[in-house]
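Start at 1 with the first residue, then count along the sequence. Counting starts at 1 for both ligands and their atoms, in listed order. Every value quoted in this text rests on a predicted model; they were computed, and no experiment measured them.
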Amino acid sequence: MAAETSGPWHEVADRVWTAVAQPESVSTAVVAGTRGLLVVDPGSSPEQGRGLRASAERLTGLPVLGAVATHAHHDHLFGLGAFDDLLTWGHEGLADALRSEASVAEAVRLGVDVGTLRPPNRPFALATGVDLGDRWVEMAHLGEGHTSSDVVVVVADADVVFVGDLLESATPPWFGEDSAPDVWPATLDSVIGLMASGRVTAVPGHGSPMGFEDALMQRGQIAAVAAEIERLLVAGVPVAEALEQGGWPFPAEHLAGGVRAGYRRLTERGVRPSRQLPITAVD
Ligand SMILES: [Zn+2]
């Protein structure tokens, strides 16, 4: 049943637990305050979300007050349907994303009834928060990156920030067709700013928690991808050849969609291949 698709809870900070939910090995989390619980990234289906909800309440003896999805991908978003009688949060772009062809195709592939999926009932453009009693949790869209709908969830008193797939530690970051490689590094600068004390742990959407140096290193690699996409475009390399001709810090299968998205976004911004003047020999 659904509850069995997620692993045991691990307390990663004061009253902050994570568990790995299959089939996508997504890090789902519970944050507790004296009034109740917030669930972060409630799994890949409403059924899994229901299992997580029951499991979180068994774990803490407290009621779930609401849930937040860090971005539009199914493994982070589809479980929100199990919390629609409560408060649910996420970026305002999630409603459109849920109706997209890619999202519907993912639901069909997973055997999830599209009619049971729900966007957040408290969507936000920039930032919001929830009072869990003795603990205030903030949620903020710091900019585009992995998707256009990325939000981070900040538990300031526990020195924890949930970053969705803006950072990943289990596998390299995923640059899909819906990614924004050109602005991803700047968004990560804001995340890294939140971590500047050196005490803050980033919990990625997949994999174990990351410290300041790991986050900074991955920000550098993502910036290298962004710079390489722009270099190739300006050099006149066709998008179909860019993966093969570029030098990349991550495997090609994690980059293909993002290279196309990067070319498209830069072209929309007016970036063009530079015209090389013919070089004439001077005697
Ligand atoms: Zn994702």
Is it true that R265 and E268 have a side-chain N and a carboxylate O under 4.0 angstrom from each other?
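Salt bridge absent between R265 and E268.
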Using a 4.5 Å side-chain heavy-atom cut-off and chaining through intermediate ILVMFWY residues, the residues clustered with L132 come out as V12, V16, V31, L38, V40, L65, V68, L87, W89, F124, V130, V137, M139, V151, V153, V155, V160, F162, V203
Just by distance, with hydrogens left out, do E144 and T147 show a side-chain donor and acceptor under 3.5 Å apart?
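Not at all, the side chains of E144 and T147 share no donor-acceptor pair under 3.5 Å.
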Using atom types as modelled and distance alone, determine if a side-chain donor or acceptor of S55 lies under 3.5 Å from a backbone N or O of G51.
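No; zero donor-acceptor contacts below 3.5 Å.
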Check whether any side-chain N or O of Q218 sits under 3.5 Å from a backbone N or O of E168 as a donor-acceptor pair, and report yes or no.
yes
How many angstroms lie between atom CG of D157 and atom CH2 of W136, to the nearest 0.5 angstrom?
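Here the interatomic distance stands at 13.0 Å.
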So, leaving waters aside, the tally of protein N/O/S atoms less than 2.8 Å from the Zn ion (ligand 1) stands at 4
